[in-house]
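Below: one structure, written as structure tokens.
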Amino acid sequence: MTIKHHIPNLLTCCNLLCGVLAIIHLFQNEFTIAFYLILIAGVFDFFDGFAARMLKVHSVIGKDLDSLADMVTFGIVPSLVMYLLIKIAVFSNSTENMLFIKYPILMYIPLIIAALSAVRLAKFNNDTRQMEYFIGLNTPSNTFLIASLPFIIQLQNNLTYPESVLSHIILNPINLCILSILSALLLVSEIPMLSLKFKTFGWQGNQFKWLLLSLSLVGLICFQLAVIPLIIILYIVLSIINNMFFRNPSL
């Protein structure tokens, strides 16, 4: 076995290590560092599959290793982010959150994200329909959305004042629980989602992909990383619209 056979698995392991480091920093309340580590993990997650296709070194071990790494980085991490955010929200203003004080088990609702992420990854490994497009929201997109929330709170607090309106909306335990449930359900939904795997780079058949990439690029240039939640929402909306126009979508 040559060195090239190990390159995709090495990239996958880098994804896993970024996920583990993100968990460590989350428990130190270093959400911004964890967010950057998740973005780096996303890059490794993209290029491990890209490298495997380019080098033609697909393997069963590589496929299983990729799912195990994704479970840590894009399954456990978003659950922890939500749990810690809810915990911070509850104990920062206990007078408004007596429901969670009285029933602390509610703070564990975000763990459903980890459970359904495992289901989603298992389905992905065995669902032949997902060769060219996703069925349900993919775990990296879900994680980018969730992990960006504390990053946006920090950015808002730095730019405006400590109790910004956006921070107050995000740091509401009920809102966080609802988002946790919705995102978890999207993971295992039957909604066809866009995949950025291009067979050809022409406009025909790739309209929604190019629209997503173009608007995302404009958003990143104008608002930088704070636009990530809007990009994920745009991704979901365009996927739904695409599915409405193409019942058997070639995504």
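The structure presented is a predicted model; accordingly, all values stated were derived computationally and were not measured.
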How far apart are the C-alpha atoms of Q28 and I24, what are their side-chain angles, what is the distance that settles it, and do they pass the side chain to side chain contact (heavy atoms under 4.5 Å, CB included) test? CA-CA 7 Å; Q28 296 173 349; I24 292 172; 4.0 Å; yes
Might you work through the side chain to side chain contact (heavy atoms under 4.5 Å, CB included) test for F144 and F35, ending with a clear yes or no? CA-CA 8 Å; F144 295 152; F35 175 62; 5.7 Å; no
Below 4.5 Å, heavy atoms only, C-beta onward: do D70 and F124 meet side chain to side chain? no
Among residues at least two apart in sequence or on other chains, which ones pass side-chain contact (heavy atoms from CB on, under 4.5 Å) with L145? P229, I232
Identify whether L213 and V218 are in the same connected component of the hydrophobic contact network (ILVMFWY, side-chain heavy atoms under 4.5 Å). no
Whether the D48 and N15 side chains hold a donor-acceptor pair (N or O, under 3.5 Å, no angle test) is what I'd like checked. no
Any side-chain heavy-atom pair of V227 and C222 under 4.5 Å: no
I'd like to know if the side chain of Y235 and the backbone of L194 have a donor-acceptor N/O pair within less than 3.5 Å. yes
Is there a side-chain contact between I86 and P110 in this structure, where contact means two heavy atoms from C-beta onward sitting under 4.5 Å apart? yes
Once rounded to the nearest 0.5 Å, what's the spacing between atom CG of D45 and atom CD1 of I38? 12.5 Å
Distance col, row I228:CD1 vs L225:CG, nearest 0.5 angstrom, shows 5.0 Å
With side chain to side chain contact (heavy atoms under 4.5 Å, CB included) as the test, would you mind laying out the steps for I191 and I236 before giving the verdict? CA-CA 9 Å; I191 301 173; I236 296 171; over 6 Å; no
For the residue pair L37 and C18, what are the closest heavy atoms and their distance? O-CB, 3.6 Å
Listed partners of L179 passing side-chain contact (heavy atoms from CB on, under 4.5 Å), at least two apart: M82, L149
Under the side chain to side chain contact (heavy atoms under 4.5 Å, CB included) rule, what do V119 and K123 come out as? Steps first, then yes or no, please. CA-CA 6 Å; V119 173; K123 286 176 62 178; 4.0 Å; yes
Could you tell me which non-hydrogen atom of G19 sits nearest to which non-hydrogen atom of V77, and how far apart they are? O-CG2, 3.7 Å
Hey, mind stepping through S67 and N125 against side-chain hydrogen bond (donor to acceptor under 3.5 Å, both in side chains) and telling me if it holds? CA-CA 8 Å; S67 291; N125 281 349; 2.7 Å; yes
Supply the atom-to-atom distance S216 OG to I231 CD1, rounded to the nearest 0.5 angstrom. 4.0 Å
A89 and L171 have their tightest heavy-atom pair at CB-O, 3.5 Å
Shortest non-hydrogen contact from F74 toward S117: O-OG, 3.7 Å
Check for a donor-acceptor pair, side chain of K87 on one end and backbone N or O of M107 on the other, with a separation under 3.5 Å. no
Does atom CG of L182 have more than 12 heavy-atom neighbours, drawn from other residues, nucleotides or ligands, at distances under 6.0 Å? yes
Checking the side chain of S214 only, and the main-chain atoms of L211 only, is there a donor and an acceptor separated by less than 3.5 Å? no
Residue pair V90 / P173: nearest heavy atoms and the distance that separates them: CG2-CB, 4.0 Å
Do the side chain of R120 and the main chain of A115 share a donor and acceptor less than 3.5 angstrom apart? no
Less than 4.5 Å apart, any side-chain heavy atom of V72 and any of I23? yes
Check whether I241 and L234 end up in the same hydrophobic cluster, where Ile, Leu, Val, Met, Phe, Trp and Tyr are linked by side-chain heavy atoms less than 4.5 Å apart. yes
OG1 on T143 to CG on N138, rounded to 0.5 Å: 9.0 Å
Applying a strict under-4.5 Å side-chain criterion to I, L, V, M, F, W and Y, I'd like to know whether I152 and I221 cluster together. no
Partner set under ring-ring contact (aromatic ring centres under 6.0 Å, His included) for Y83, not counting sequence neighbours: Y108
Note, S189 side chain near L137 side chain (heavy atom, < 4.5 Å): no
D66 backbone acceptor or donor facing T12 side chain under 3.5 Å: no
Is the side chain of S239 donor-acceptor paired with the backbone N or O of M193 at a distance under 3.5 Å, no angle test? no
Within-4.5 Å side-chain heavy-atom neighbours: L106 and I109: yes
Distance check, rounded to the nearest 0.5 Å: S148 atom OG versus L39 atom CG? 9.0 Å
So which heavy atom on S180 is nearest to which on I112, and how close? O-CG2, 4.1 Å
Is the closest side-chain heavy-atom distance between F44 and L16 below 4.5 Å? no
Grouping I, L, V, M, F, W and Y whenever their side-chain heavy atoms are under 4.5 Å apart, do F91 and F27 come out in a common cluster? yes
Within the 4.5 Å heavy-atom criterion, are F100 and I174 side-chain neighbours or not? yes
Common cluster, I146/L185, ILVMFWY with side-chain heavy-atom separation under 4.5 Å: yes
Gap separating the CG atom of L26 from the OG atom of S79, nearest 0.5 angstrom: 11.0 Å
